[in-house]
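Counting starts at 1 for both ligands and their atoms, following the listed order. Worth knowing before you read on, the calculation uses all heavy atoms, side chains too, and leaves out hydrogens, waters and symmetry mates. Position 1 is the first residue of the sequence, and the numbers go up from there.
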Amino acid sequence: MIATPTKNPHTGQDYLPKNAINTKKPSPNQSLLPLTANINDRDHLEIGGCDIETLVEQFGSPLYILDETTLRNACSQYRDGFKTYYQGESQVIYASKAWSSLAVVGVIATEDLGFDVVSGGELYTTEKSLTQLGYSCQEIAQKIYFHGNNKSVAELKQALEVGCTIIVDNWLELQTLVQLSQSLPDQSIPILIRLTPGIECHTHEYIRTGHLDSKFGFDPHQLETVFAYIAEHKSLNCRGLHAHIGSQIFEKQPHQDLAGVLVEWLKIGQEYGLTLPELNIGGGLGIRYTEEDDPPSIEEWVKAVSEAVMQACQRSNIPLPKLIAEPGRSLIGSACVTAYKVGSRKEIPELRTYIAVDGGMSDNPRPITYQSAYSVVLGNKMSAEINETVTVAGKHCESGDIVIKDARLPQTHPGDILVIMGTGAYNYSMASNYNRLPRPAAVLVNNGEANLILRRETYDDLIRQDCLPEKLIP
Ligand SMILES: *Cc1c(COP(=O)(O)O)cnc(C)c1O
């Protein structure tokens, strides 16, 4: 009995939203579970053909389980969507801050995507992976875009060595690049200019970046001065503009508005003699974390953005730029689940029942940081009937360390496996060793095979960077 669960067997709710346009080829960001999820004849959840209990027995818990099919699907829906709906050139780049690791870069690179990195460490990881995969220096340079509102001189030098495009965020950076370019004769530095477009969107305050009061990018009133400065400095090869308005956005309108704003600035920049052949509209499409969440599909988003850019270019009478989008969450978020083992239980009569799992805010800091909601299934008893409301707590010394408040679940017992969905983005990448918990392992699953992509940390890893000064040792 292999059944593809279209409904959550515990709640009877559909895994896909009612208006999902294509249930034959679902959009990963609209699916709570990875696309390969099955219930097998042991009544276990299976992902990428791998039984969840077997994975936990083999690799331990907590465990990040990344489904290669879902990740590749999201990549191709973005890539092919732009080919279908945008009449100019396009490039999708993965916002690797969502999850940066050698294997994640490896999968995404083979889907022909590029990479947005925001630190020397992400640049290093991406470059190392691409080098090991056999890409040439020139290909690597073309694939990477370097972001950040306070890049250090060392990071800028690192970027110049790689030859990647630098997305310039502020005056200090612009001036530093001009200085550094003096030691690079005959070479102009490929840059984009990041601007704050003044667009509001409905998402958590901490992940909103497009409104005027934001630390990112040039304020619009400075832009013409920036254009004039770049036009005077031939060592800067300004290829276009960039803006990113925020994350976990369910509306299409803000991105459509953004396209209009950016195209107007392209036109103004061109009046300063800059060619500006590229337009990067950032990322931000949301994913379904709970049954109430109803984001547009990747295809709908790509179509809306493509049409908005084409219309704006027609209005402004400028040629279509190479359109770049840089999704993170909607590429990888829905491709991963986290498996935890259930431990202790605390019942407070007429108030609340807590069940604790063997991880928490150290492997998933989103609930405590953004009050993020998640969904859960009992992975080793998929068809068990729901009969209680419990709060799933982490094991950290912090009352706020809650994984899910008021989850509807079947009766659970110690050792049962809880599976939290949608943990591909901003989980491992934001993980910590709080309370000195070793960070979990991660596996890449596909066709019944599980490959380790992240070794579980050991206690020795925890003290690897510690130093005990000689003088403390009697
Ligand atoms: C975070 C970020 C992204 C990706 O955002 P998602 O919501 O994960 O798609 C893209 N571009 C920039 C500049 C970012 O900071």
Side-chain angles (χ1 to χ4, degrees), residues 27-30 71 74-75 77-79 81-82 91-100 104 108 113-119 122-123 126 144-151 159 164-170 173 191-197 199 201-211 214-218 240-252 254-255 258 262 278-289 293 295-298 301-302 304-305 323-336 366 369-370 372 422-430:
S27 185
N29 73 315
Q30 293 184 318
L71 178 55
C75 292
Q77 289 189 24
Y78 267 109
R79 188 192 59 223
F82 279 112
Q91 173 72 56
V92 180
I93 61 182
Y94 168 59
S96 51
K97 72 174 192 270
W99 183 345
S100 175
V104 167
I108 292 176
L113 269 62
F115 297 88
D116 127 14
V117 300
V118 297
S119 69
E122 285 183 8
L123 177 57
T126 307
I144 302 179
Y145 289 74
F146 190 13
H147 275 286
N149 70 314
N150 189 23
K151 302 177 190 80
C164 61
T165 302
I166 298 173
I167 304 194
V168 179
D169 192 275
N170 54 66
E173 190 179 343
I191 61 168
L192 297 184
I193 293 295
R194 177 168 186 167
L195 59 104
T196 319
I199 286 173
C201 53
H202 297 121
T203 188
H204 193 284
E205 186 188 351
Y206 293 175
I207 52 177
R208 240 189 303 165
T209 53
H211 55 305
S214 160
K215 70 170 183 171
F216 296 104
F218 286 94
L241 302 179
H242 166 275
H244 170 71
I245 53 176
S247 200
Q248 185 61 0
I249 300 170
F250 286 5
E251 308 151 284
K252 284 176 285 185
H255 281 97
L258 173 64
L262 284 175
E278 292 186 8
L279 188 61
N280 182 331
I281 46 145
L285 173 61
I287 72 168
R288 186 164 159 92
Y289 284 110
D293 289 342
S297 69
I298 291 172
W301 187 86
V302 167
V305 165
L323 181 55
I324 302 170
E326 46 186 27
R329 188 191 309 274
S330 54
L331 269 179
I332 202 165
S334 310
C336 183
R366 290 189 67 254
T369 313
Y370 312 114
S372 308
T423 57
Y426 310 113
N427 272 234
Y428 168 65
S429 67
M430 295 180 116

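Using a 4.0 Å cut-off between heavy atoms, Ser247 contacts ligand 1 through both its backbone and its side chain. Of all the heavy atoms of His147, the ones lying under 4.0 Å from any atom of ligand 1 belong exclusively to the side chain. Residue Leu331 does not touch ligand 1, judged by heavy-atom distances below 4.0 Å.
Counting heavy atoms from C-beta on, the side chains of Ser27 and Gln77 come closer than 4.5 Å.
Each of His244, Glu122, Glu326 was compared with His147 under the side chain to side chain donor-acceptor pair (under 3.5 Å) criterion, and only Glu326 meets it. The only option from Asp116, Asn280, Val118 that meets the side chain to side chain contact (heavy atoms under 4.5 Å, CB included) definition with Ile167 turns out to be Asn280. Applying the side chain to side chain contact (heavy atoms under 4.5 Å, CB included) test between Ile93 and each of Leu113, Val117, Ile324 identifies Ile324 as the sole match.
Taking the ring centre of Tyr289 as origin, the terminal cationic atom of Arg366 falls inside the region bounded by 6.0 Å and 45° from the ring axis.
With sequence neighbours excluded, no residue forms a ring pair (Phe, Tyr, Trp, His ring centres under 6.0 Å) with Phe82. A search for side-chain hydrogen bond (donor to acceptor under 3.5 Å, both in side chains) contacts involving Thr423 returns Thr338, not counting sequence neighbours.
For Tyr78 and Ser330, the side-chain atoms include at least one donor-acceptor pair closer than 3.5 Å.
Proximity to Gly283 (heavy-atom distance under 4.0 Å) selects the following atoms of ligand 1: 9 (O), 10 (C). Per-residue contacts place Asp116 under 4.0 angstrom from the following atoms of ligand 1 (heavy atoms of the residue considered): 10 (C), 11 (N), 12 (C). Annotation for ligand 1: atoms under 4.0 Å from non-hydrogen atoms of Arg329 are 6 (P), 8 (O), 9 (O). Below 4.0 Å from some heavy atom of Pro327 lie the following atoms of ligand 1, by number and element: 9 (O). Near Ala95, with a cut-off below 4.0 Å to any heavy atom, the atoms of ligand 1 are 3 (C), 4 (C), 10 (C).
No N or O atom of Gly282 sits closer than 3.5 Å to an N or O atom of ligand 1. For ligand 1, one of its N or O atoms has an N or O atom of Gly328 under 3.5 Å away.
Between Trp99 and Tyr428, the ring planes are tilted. Angles from 30° to 60° get that label.
Using a 4.0 angstrom heavy-atom cutoff, Tyr426 counts as in contact with ligand 1. The shell of residues lying under 4.0 angstrom from ligand 1, judged by heavy atoms, includes Gly284. Residue-ligand proximity: Ala98 is placed with every non-hydrogen atom at 4.0 Å or more from ligand 1.
If you check each of His242, Arg194, Glu326 against atom 11 (N) of ligand 1, the one with the closest non-hydrogen atom is Glu326.
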